Amino acid sequence: MRNLESRKYGIIYFIGLVSLVLTLKAAHLQLFSTKYKEQAQRTTLEKSQIYPSRGIIVDRNDKTLVYNKPIYVISVIYNKIDPKMDTLLFCSLLGIDKETFITNLQKDWKNPQFRKSIPFVFLNKVDPIQYAIFHEHLHKFPGFYPEQRNIRGYPHTHAAHVLGYLGEVNQKIIDNSNGLYSPGDYIGQSGLEFAYERELGGKKGVNYILKDNLGRQVGSYDNGRLDSMAVPGEDVKISIDLELQAYADSLMINKKGGIVAIEPSTGEILAMVSSPSYDPNILNLDGNRGKGMTSLIYDTINRPLNNRAVTNRYPPGSIFKPILSLIALQKGTTYANRPIFCPGFYRLSPTKVQKCHPHTAANNVSAAIMHSCNTYYFTMIRELLDLYSYKKPGIGLDTIVSYLHDFGLGSKLGLDFSYENKGLIPNSSYYDRVYKKEVNGWRSGWILSLGIGQGEMQLTTVQMANLAAILANRGYFITPHLIKSYRSGKSIPENFKQKKYVRIDKQHFTPVIDGLERVVTSAATIAYVPGLDLCGKTGTSQNPHGKDHSVFFGFAPKNNPKIAIAVFIENAGFGAQWAAPIASLMMEKYINKKIMPSRKYIEEKMFKGILMENSVEVDWVNNTINPQL
C-alpha cells in the first residue's frame, strides 16, 4: 500500500513539474520574447491553391482529342481590397478601363454563390505578358491573386458530343462536394468530361505563403511542411477511332440524325455521331464561351447541343423484325422454314387492312427478313401476343418485353456518359392505362404495329447499334462504353468486360443472320460491298409529323465481325436511300481503310446530300465548310 501511495504522489509531482515548465515557456514567448510578435506584425499567412493539370484524352490509336491550354486569371477577395489602391495603375497593367474594373467587382451579394470573404474570378484570360508585369506589382493590390489555370483545347473539330465540355461550378456543386470544389473551379458538365470528372480532374495542392505587411512574399510557412503537391488527372484513352469519327461527320453534313458504331467483341464504341454538331473549341473557357453557348442554344431548328445518338428516341421500324424473329423462334410460335402467305395486305379487322409492299413469297424467316414482309410479322407478333389466351394478350406482351429487356431495351444500357435515354418498350400495364375505358380490355389486334417496329415502341440509336452487336455475337453483348484504358494502367470497370447473354438458343441466329445477309445481297444492294460479307436490315421509321426517317443496322463481316453499326437519319425516307449506304461506307472504311473506286459515286452522293434546313455548302477540294446563304 505504501508503494502505491508513493507512486501516486510521484506521478502528481511529475505532471505538476511539466505543467510549470510549459507555463513558463508560454509566458516567455508571449510576455518577454518579441520574436513571434515581430514576425506576426511583419507577415501574414496566405493559403494558395495549386490547380492540377487535367488528364488528356486520346483516341484508340493515341491521337490527341483533348489537351490542356494554360490561361491566366486574376481572382479577388472583395473584403481584402485596399480602398486606397491605385486603380489607374491597376487598370493600365491589365489593359482594362475603369468601367470594366467596376463591373467585374459588382456581384449579386444576395446570391450565395458570391461572398465578399471568398475569392471569385475578377478577370479571365489575361495576356501572359500582362500577367507577368502585374505579378511584379502584386504587393500594391492586396486582395487580388493571379492564378494559372488550364482550359481545354481541341486539335480536331470532331466528337464534340462525346468529349463534352467544362464549366464553372455553381453553389450547389460546391456545397455538395465536401470541400473538393470552391468558387471559380471548373468541372465537367457533359460527355466524357462529366462521366470521368474524378479521374480527369486530379487533386488540388496547396501552398502556405508568408507575406510581409506590404503584401510581398517572405517565404513558405514552416519550411513547407503543410504544403501539398497537386496530383495531375488521369490520362484517358477512349475507344473512338478518330478517322472513322471524322468520316462519319463528313457523311452526316446537312443531315439530322445519329450514328453509333461498336466493336462487337468488346463493346467499345468506335464512333458516336450526332448531327448537326459543332466545333468543341466554341465552348472552351477562353473568354468567348458565353457567345458560343448562346448561339448553340438559340439554334432551335437544328439543336446542335442535342446528342441524337443517345438522347433522341425513335420507332425502330423494320430493323425490329429480326429481333422479333428470334423471340418467336425461341418461344416455338414459329419455325425457321415456315411460309406465310402475303396477299399484299394484312387484315386487321373486317373493315381495316394494313398494306404490304409487293414481293415474292416469304417461304421462311430469312426470306421474310429479306423482303421485310409486314404480313409475316403481323402474323408473328399476333401469335406471340395470343400465346396464352386471345383474351389476355397482356401476358404474351409481357413475355415479349421480358426478352427485349435481355436485349438491353426499355432501360439504360449503362454507357459511361453524361446522359442516356432508356427509350420506351410498352408493357401490359402501359396499354391497360391507355385502354382503361374499355370494358372488356384491349386485344392483340390493337397493337400489331409493334411487330414492325412502329406504334409506341421507341429506341435510341445506341440501343439499335447494340442490337446489331448482339446479332453479330450470336447472342451476347458487352455494355457499350467509351473508355478503353488509362495511361496509368488502372483497370477499367468490370461491367465493361462482362458478357451479357440473351435467352435465345444459338441455332436460332442462323436463319436470322442469313436473312440479314440476303437483305444486302438481294434487296438493299446499294449497301453491298464486294468481299465484305456485310449483314444488315433497312427500316423506314414512320413519322406522323413529316417525312419518314431512314434507318439501318448491321455488322461486318458475317463471321468474326469487326464492327456493328446503326444509322438513323431524320426525315430522309426509306432506309435504303440514305441510312444503308452511309452505314456500308463506314463499315467499308473501317475494315478496308478505303472506299473502292466502284463505290465512289455513292460516297459523293452521301457527302453532298442535303436533308435539313439551314444547310451548309461544302468545299470538298479545300475541305472547308461555308454557310449557304
Side-chain angles (χ1 to χ4, degrees), residues 248 251-252 254-261 275 314-323 325 342 355-360 362 366-377 452-454 459 461 464-465 467-468 471 512-530 532-543 546-556 558 563-589 595-596 598-612:
L251 291 168
M252 289 297 287
N254 289 325
K255 305 168 189 70
K256 287 183 181 179
I259 298 176
V260 177
S275 179
Y314 312 93
S318 293
I319 69 169
F320 181 69
K321 292 173 180 176
I323 309 305
S325 299
C342 176
K355 291 183 178 180
C356 186
H357 58 274
H359 59 79
T360 57
S366 297
I369 290 173
M370 178 186 72
H371 295 307
S372 199
C373 176
N374 287 342
T375 299
Y376 201 101
Y377 285 95
I452 59 171
Q454 296 295 160
L459 310 184
T461 307
M464 298 177 197
L467 292 178
L471 290 164
V512 171
I513 290 174
D514 287 345
L516 296 176
E517 184 179 34
R518 292 175 65 181
V519 167
V520 176
T521 58
S522 303
T525 54
I526 193 170
Y528 176 71
V529 182
L532 204 58
D533 294 333
L534 194 153
C535 301
K537 181 74 186 79
T538 56
T540 303
S541 177
Q542 293 177 10
N543 176 21
K547 192 175 181 180
D548 291 340
H549 309 306
S550 181
V551 196
F552 182 91
F553 80 166
F555 59 89
K558 181 179 181 181
I563 182 173
I565 193 170
V567 178
F568 195 103
I569 305 178
E570 297 178 15
N571 311 120
F574 297 116
Q577 288 181 297
W578 295 98
I582 285 176
S584 69
L585 287 167
M586 284 193 62
M587 288 189 274
E588 181 181 5
K589 184 77 169 180
I595 303 301
M596 59 180 56
S598 62
R599 282 172 47 84
K600 281 289 184 179
Y601 80 96
I602 301 175
E603 182 184 53
E604 184 177 359
K605 179 182 177 182
M606 296 302 108
F607 280 151
K608 294 183 177 180
I610 299 176
L611 301 174
M612 57 176 276

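Computed from a prediction, not measured in an experiment: that's the story for all the values here.
Here the side chain of Ser550 pairs no donor or acceptor atom with the backbone of Ile569 at under 3.5 angstrom. The closest donor-acceptor contact from the side chain of Arg518 to the backbone of Cys535 lies at 3.5 Å or more, if one exists at all. A donor-acceptor contact shorter than 3.5 Å is absent between the side chain of Glu588 and the backbone of Val529. In terms of modelled atom types and a separation under 3.5 Å, the side chain of Gln454 and the main chain of Gln542 share a donor-acceptor contact. Proximity of a side-chain donor or acceptor of Asn571 to a complementary backbone N or O of Lys547 within less than 3.5 Å is detected. A donor-acceptor pair under 3.5 Å is formed between the side chain of Thr521 and the backbone N or O of Glu517. Between the side chain of Ser325 and the backbone N or O of Val512 there is no donor-acceptor pair closer than 3.5 Å.
Inter-residue side-chain proximity for Leu611 and Trp578 is flagged as met; some heavy-atom pair is nearer than 4.5 Å. Residues Glu603 and Lys600 are in side-chain contact: their nearest non-hydrogen atoms beyond the backbone lie under 4.5 Å apart. Taking the side chain as every heavy atom from C-beta outward, His359 and Cys373 approach each other to under 4.5 Å. Using a 4.5 Å cut-off on side-chain heavy atoms (C-beta onward), Lys589 and Ile563 make no contact. Proximity of Ile582 to Met252: side-chain heavy atoms (C-beta onward) are separated by under 4.5 Å at one or more points. Side-chain contact check for Leu251 versus Phe607: some heavy-atom pair is nearer than 4.5 Å. You'll find the side chain of Ile259 stays beyond 4.5 Å of the side chain of Thr461, heavy atoms only.
Residues Pro581 and Arg599 approach most closely at O-NH2, 4.4 Å, considering heavy atoms. Ala564 approaches Ala465 most closely through the heavy-atom pair CB-O, 4.2 Å. The two atoms that bring Tyr314 and Met464 nearest to each other are O-CE, 4.2 Å, heavy atoms only. Heavy-atom minimum distance, Ala583 versus Phe552: CB-CD2, 3.4 Å. Across all their heavy atoms, Thr538 and Ala580 have their closest contact at CG2-CB, 3.9 Å. The shortest heavy-atom contact between Asp514 and Ser366 is CB-OG, 3.8 Å.
Glu604 and Lys608 are joined by a salt bridge, as a carboxylate oxygen and a charged side-chain nitrogen come within less than 4.0 angstrom of each other.
Ring-plane geometry between Phe568 and His549 is classed as tilted, the angle between the planes lying from 30 to 60 degrees on a 0 to 90 degree scale.
Judged as a side chain to side chain donor-acceptor pair (under 3.5 Å), and not counting sequence neighbours, the contacts of Ser372 are Ser318, Lys321, Lys537.
For the atom pair Ile319 CD1 and Leu459 CG, the distance stands at 6.5 Å (nearest 0.5 Å). Of the inter-residue distances, the one linking Phe555 atom CZ with Leu516 atom CG reads 6.0 Å to the nearest 0.5 angstrom. The structure places SG of Cys342 at 10.0 Å from NE2 of His371, a figure rounded to the nearest 0.5 Å. Interatomic distance, His357 NE2 to Phe574 CZ, rounded to the nearest 0.5 Å: 9.5 Å. Here the CG-OG1 distance, from Asp548 to Thr540, works out to 6.5 Å after rounding to the nearest 0.5 Å. How far CD1 of Ile602 is from CG of Leu585: 6.5 Å, rounded to the nearest 0.5 Å.
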Check step by step if side-chain contact (heavy atoms from CB on, under 4.5 Å) holds for Ser584 and Ile526.
CA-CA 8 Å; Ser584 69; Ile526 193 170; over 6 Å; no
side-chain contact (heavy atoms from CB on, under 4.5 Å) between Phe553 and Leu467, worked out:
CA-CA 8 Å; Phe553 80 166; Leu467 292 178; 3.8 Å; yes
Show, in sequence, the C-alpha distance, side-chain angles and deciding distance for Leu532 and Met596, and conclude whether the side-chain contact (heavy atoms from CB on, under 4.5 Å) test is met.
CA-CA 12 Å; Leu532 204 58; Met596 59 180 56; over 6 Å; no
